[in-house]
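Have a look at the structure below, then the notes.
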Amino acid sequence: MEIPDLPSWPTTVREAEAVQDRLRSCVDLTSPGPESVRTVAGLDVAYAEDRLAAAVVVLDVDRLEVVEEIVVRDRPSFPYVPGLFAFRELPALIEGLRRLSVTPDLLICDGHGLAHPKRFGLACHLGVLTGLPAIGVGKTRLVGAYDEPGADRGSWSNVTDGDEVVGRALRTQTGVRPIFVSVGHLTDLETACEVTLRLTPRYRLPESTRRADRLSRRALAAS
DNA sequence: GCGACAG
DNA sequence: ATCTTGTCGC
């Protein structure tokens with residue numbers, strides 16, 4: 001798919017925060033989201049020393065079968081700093097999306113969207129840069145407070161930061177810890193959770209994320 | 001000053 | 001994220 005070239009990449013925390021402040025106004029949470037989500041792209045990155053492998057796996061949501069997969073080798077573009085995580089792996093993920101021959105209906109990011117201190121997590125950033133609907137699915141909380149969801153699969157509770165609902169803690173399997181779903185771009189929280197549940201028929205994490213995780217690790221090991 | 005802190 | 005052994009549970 002077509003994605004504009006990335007601008008010069010920030011080097012310091014100060015510069016990265018300036019980019020977030022400038023781009024967060026581009027997040028669209030009011031336009032209607034995808035009419036129907038038939039395909040999703042799972043994105044994940046594996047690291048080793050100073051190398052990384054980014055994987056993009058497009059899945060057919062109904063059949064949970066792989067439609068296309070891409071791997072990109074690169075080097076971290078930024079150190080890991082809570083809140084600035086996107087600057088670390090975004091370049092490699094964008095390149096992976098560029099090489100895709102199909103355009104997924106929704107991006108499933110390994111991290112958060114609005115559930116971010118500045119309301120501009122990886123899912124928002126990726127959504128704005130690609131113009132595609134995007135959501136964030138994290139394994140642990142970054143910001144906000146939440147009550148423990150009910151014990152059954154499908155149970156959820158809102159994650160709130162101050163008086164804002166920034167996401168949901170969603171129990172995707174009975175007996176496992178909840179995952180954290182938040183909106184990134186051109187999607188609503190309801191849809192985000194519905195799709196996430198469709199992608200977790202058997203495991204805690206979305207099948208898209210699991211596939212991308214396996215692929216990125218395999219590619220890194222084989223390099 | 002003391003924690004908390006996506007991956 | 002990654003480093004790591006055994007261990008509890010289905």
Side-chain angles (χ1 to χ4, degrees), chain A residues 9-10 13 16-17 19-20 23-24 27 41-57 71-94 96 107-129 134-146 151-153 159-162 164 166-170 172-185 189 192 196 201-206 208-223:
Chain A
W9 212 240
V13 167
E17 291 178 330
V19 171
Q20 293 185 323
L23 293 181
R24 64 177 156 187
V27 173
L43 310 123
D44 194 23
V45 178
Y47 299 85
E49 305 270 307
D50 58 342
R51 301 177 302 122
L52 65 76
V56 179
V57 177
V71 173
V72 173
R73 298 169 165 304
D74 201 350
R75 287 179 173 292
S77 305
F78 203 83
Y80 172 67
V81 179
L84 300 179
F85 171 59
F87 294 92
R88 187 168 173 71
E89 42 186 63
L90 219 156
L93 292 175
I94 286 290
L107 302 182
I108 310 287
C109 306
D110 192 29
H112 299 101
L114 278 191
H116 175 279
K118 296 172 81 171
R119 308 291 177 267
F120 195 70
L122 174 63
C124 300
H125 207 146
L126 218 36
V128 167
L129 264 39
I135 66 171
V137 175
K139 294 180 283 297
T140 62
R141 179 201 73 97
L142 174 59
V143 296
Y146 65 96
D152 301 335
R153 162 178 157 81
V159 173
T160 58
D161 194 11
E164 298 179 66
V166 298
R168 280 183 191 170
L170 177 65
T172 54
Q173 296 297 325
T174 300
V176 305
R177 289 172 296 151
I179 58 177
F180 301 84
V181 180
S182 61
V183 160
H185 187 57
L189 196 47
T196 298
R202 174 87 169 90
Y203 299 99
R204 177 184 179 231
L205 297 177
S208 43
T209 299
R210 301 183 70 251
R211 295 271 192 166
D213 178 78
R214 287 194 326 181
L215 179 55
S216 62
R217 294 198 198 200
R218 191 174 15 106
L220 196 60
S223 67

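Residue numbering restarts at 1 for every chain, and letters A, B, ... go by the order of the sequence lines.
- Taking the side chain as every heavy atom from C-beta outward, Leu84(A) and Gln20(A) approach each other to under 4.5 Å.
- Within a heavy-atom distance below 4.0 Å of DNA chain B, no residue of residues 213-223 of chain A is found.
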Using atom names, set out every protein N or O paired with an N or O of nucleotides 5-7 of chain B below 3.5 Å, distance rounded to 0.1 Å.
residue	atom	partner	partner atom	Å
dC5(B)	OP1	Arg141(A)	NH2	2.7
dA6(B)	OP2	Tyr80(A)	OH	2.3
dA6(B)	O4'	His112(A)	ND1	3.3
dA6(B)	N7	Gly83(A)	N	3.2
dA6(B)	N6	Gly83(A)	O	3.1
dA6(B)	N6	Phe85(A)	N	3.3
dA6(B)	N6	His116(A)	NE2	3.3
dA6(B)	N1	Leu122(A)	N	3.1
dA6(B)	N3	His112(A)	N	3.1
dG7(B)	OP1	Lys139(A)	N	2.8
dG7(B)	OP2	Thr140(A)	OG1	2.9
dG7(B)	O3'	Asp110(A)	OD2	3.1

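- Cys109(A) has its side chain out of reach of Ile135(A): every pair of non-hydrogen atoms, C-beta onward, lies at least 4.5 Å apart.
- Contact annotation: the side chain of Leu107(A) approaches that of Leu126(A) to within less than 4.5 Å [non-hydrogen atoms, C-beta and beyond].
- For Tyr146(A) and Phe180(A), the distance between ring centers is under 6.0 angstrom.
- Taking every nucleotide of DNA chain C with any atom under 4.0 Å from a non-hydrogen atom of chain A, the first and last of them, 5' to 3', are dA1(C) to dT2(C).
- For DNA chain B, runs of at least 3 consecutive pairs of the Watson-Crick or G-U wobble type, with both hydrogen-bonding distances under 3.5 angstrom, are absent.
- Proximity of Leu215(A) to Val71(A): side-chain heavy atoms (C-beta onward) are separated by under 4.5 Å at one or more points.
- Closest approach of Leu52(A) and Ala92(A) over heavy atoms only: CD1-CB, 3.9 Å.
- The two residues Ser182(A) and Leu189(A) have their closest heavy-atom pair at CA-CD1, 4.2 Å.
- Within the structure, the side chain to side chain donor-acceptor pair (under 3.5 Å) test picks out the following pairs touching residues 214-223 of chain A (sequence neighbours left out): Arg51(A)-Ser223(A), Arg73(A)-Ser223(A), Asp213(A)-Arg217(A).
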**Request:** Report the C-alpha distance between His112(A) and Leu122(A) in whole Å, list the side-chain angles of each, state the deciding distance to 0.1 Å, and finish with yes or no for side chain to side chain contact (heavy atoms under 4.5 Å, CB included).
**Result:** CA-CA 6 Å; His112(A) 299 101; Leu122(A) 174 63; over 6 Å; no

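- Side-chain contact between Val57(A) and Ser208(A) is absent, with no heavy atoms from C-beta onward closer than 4.5 Å.
- The shortest distance between side-chain heavy atoms of Arg177(A) and Lys139(A) does not fall below 4.5 Å.
- Phe87(A) and Trp9(A) have their aromatic ring centers within a separation under 6.0 angstrom.
- Between Leu93(A) and Val45(A), some side-chain heavy-atom pair lies under the 4.5 Å cut-off.
- Remark: DNA chain C takes part in no stem of 3 or more antiparallel Watson-Crick or G-U pairs, criterion distances under 3.5 Å.
- Cation-pi geometry between Arg75(A) and Tyr47(A) is not met at under 6.0 angstrom from the ring centre and within 45 degrees of the axis.
- Below 30°, between 30° and 60°, or above 60°: for Tyr80(A) and Phe85(A) the angle between ring planes is above 60°, a perpendicular geometry.
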